[in-house]
Asks: 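Input: one structure, supplied below.
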Amino acid sequence: MRSSLLKSALLMLHWSSASSLEIPYRRSYFYVGGSYVDDGAGGHFFQDQMYVEKLGPVDGPSQPTPIVLIHGQGQTGTNFLNKPDGGVGWASRFIEQGYEVYIVDQTFRGRSPWRPGAGQAEPSAFTAEYVQQRFTAVRNYALWPQAALHTQWPGPGTMGDPVFDAFYGAGAQYIDNATYQQTAVQAAGARLLDRIGTPAVLVGHSQGGIMPPLIADARPHLTRALVLLEPSGPRSATRCPPAVARPDVELITQTFAARDENHTDCILQAEAPPPRRLANLADIPILTVTAEASFHALYDECNVRYLRQAGCKVDHVELGDVGIHGNGHMFFMEMNSDVIQDLVHDWILNATKGG
Ligand SMILES: *[C@@H]1O[C@H](CO)[C@@H](O)[C@H](O)[C@H]1NC(C)=O
Ligand SMILES: *[C@@H]1O[C@H](CO)[C@@H](O)[C@H](O)[C@H]1NC(C)=O
Ligand SMILES: *[C@@H]1O[C@H](CO)[C@@H](O)[C@H](O)[C@H]1NC(C)=O
């Protein structure tokens, strides 16, 4: 009796910390895409399937539009569950707001199986120093001018700090081959939209931010809107949507000089021949979001110009311009993540109004 009382007291203590902030939901998981491949020795493997975690409000969704969340390089879907400091992540916020949420682990990442010897490059991983420089302790390194403005990461963002260790420890290996990764996630993502069966909002971050346009290009009628959080783009990726649509045709590009010391040159399509257009995306609203202190502040406007040149309707938000200050690249898990999720949610409501 005594010991079970003690146990429940301890349990309550535990629950009254971070986990009590979490919200109830319904959960299931499944895999999409992939196919059997010959192993060259008389056997078969299943390859290129993608792990999907489906979370929804306990009483069913009250919003008609499902949300698909796609993490970036070296990360997995845990990015959108609770935050490394124990706070409530974006997935829970969307569920609270009535959405059905699908969180993926990109192919060959996390719970999407990695098959040794699949003929791809060896897996890569970020060092802790790289993560400190780019994501969590950027002020210490000042590798770009805006880094000085970074204040929203909880704690010092360095090795040995419990929040940093929780974040870095959750990082995963990745395949450093954009062609492979974009092709595989596009294929599995299209199958995910087929399975959901109703037009969804695709949200992608960083290297996962190139995936929503690719998946939408394959399934425009199943895509309601795209939210691109500091997406990879022509500046930072070897391929971009038109190149995947026509891998045989090389893009002719032109370079525009940086507008000031806080921005980079932009690479856009040349004026002649006429720029190729992302015809399948023309009717799909797109939001791009860039944080004030991130390395993406240098060049995200180039990605926006690139998408607009290709005929896309893009709303671009620089968080610093709308009074949301101090964020780095991982802004959806920083201290003010709720404020940014509110902004994204408002945009989604606006963009999906009227059916
Ligand atoms: C560049 O960024 C730095 C740091 O935020 C700022 O002090 C400076 O005024 C910026 N320069 C321009 C031209 O905006
Ligand atoms: C990258 O992936 C593509 C497509 O799967 C493959 O053809 C190519 O050989 C890969 N490159 C390397 C360096 O492994
Ligand atoms: C949503 O629409 C309202 C009304 O038009 C507007 O005031 C608001 O700025 C929009 N929000 C976003 C994030 O676009």
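Atoms within each ligand, like the ligands themselves, are counted from 1 in listed order.
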Asks: Indicate, with yes or no, if the rings of His263 and Tyr299 have centres closer together than 6.0 Å.
Replies: no
Asks: Distance under 4.0 Å, heavy atoms only, partner ligand 1: which residues pass?
Replies: Pro145, Leu149, Asp260, Glu261, Asn262
Asks: Just jot down the ligand 3 atoms closer than 4.0 angstrom to any heavy atom of Trp347, in number order.
Replies: 13 (C), 14 (O)
Asks: Check for me whether the distance between the ring centres of Phe80 and His71 falls short of 6.0 Å.
Replies: no
Asks: Find out whether Thr290 and Val317 are in side-chain contact, i.e. whether some heavy atom of one side chain is under 4.5 Å from a heavy atom of the other.
Replies: no
Asks: Please check if any side-chain donor atom of Gln152 sits under 3.5 Å from a side-chain acceptor atom of His150, or the reverse.
Replies: no
Asks: How about Phe45 and Tyr36: are their ring centroids closer than 6.0 Å?
Replies: no
Asks: Less than 6.0 Å separating the ring centroids of Phe108 and Tyr174?
Replies: no
Asks: Could you check whether Arg115 and Gln47, counting side-chain N and O atoms only, form a donor-acceptor pair closer than 3.5 Å?
Replies: yes
Asks: Output the distance between atom CD (Gln49) and atom OG (Ser112), rounded to the nearest 0.5 Å.
Replies: 7.0 Å
Asks: Could you tell me, atom by atom, which parts of ligand 2 come under 4.0 Å of a heavy atom of Asn177?
Replies: 1 (C), 2 (O), 3 (C), 8 (C), 10 (C), 11 (N), 12 (C), 14 (O)
Asks: Taking only heavy atoms of Asn350, which atoms of ligand 3 are found under 4.0 Å from at least one of them?
Replies: 1 (C), 2 (O), 3 (C), 8 (C), 10 (C), 11 (N), 12 (C), 14 (O)
Asks: Quick check on contacts: which atoms of ligand 3 are under 4.0 angstrom from a heavy atom of Leu343?
Replies: 13 (C)
Asks: Report yes if some N/O of Asp346 lies less than 3.5 Å from some N/O of ligand 3; otherwise report no.
Replies: no
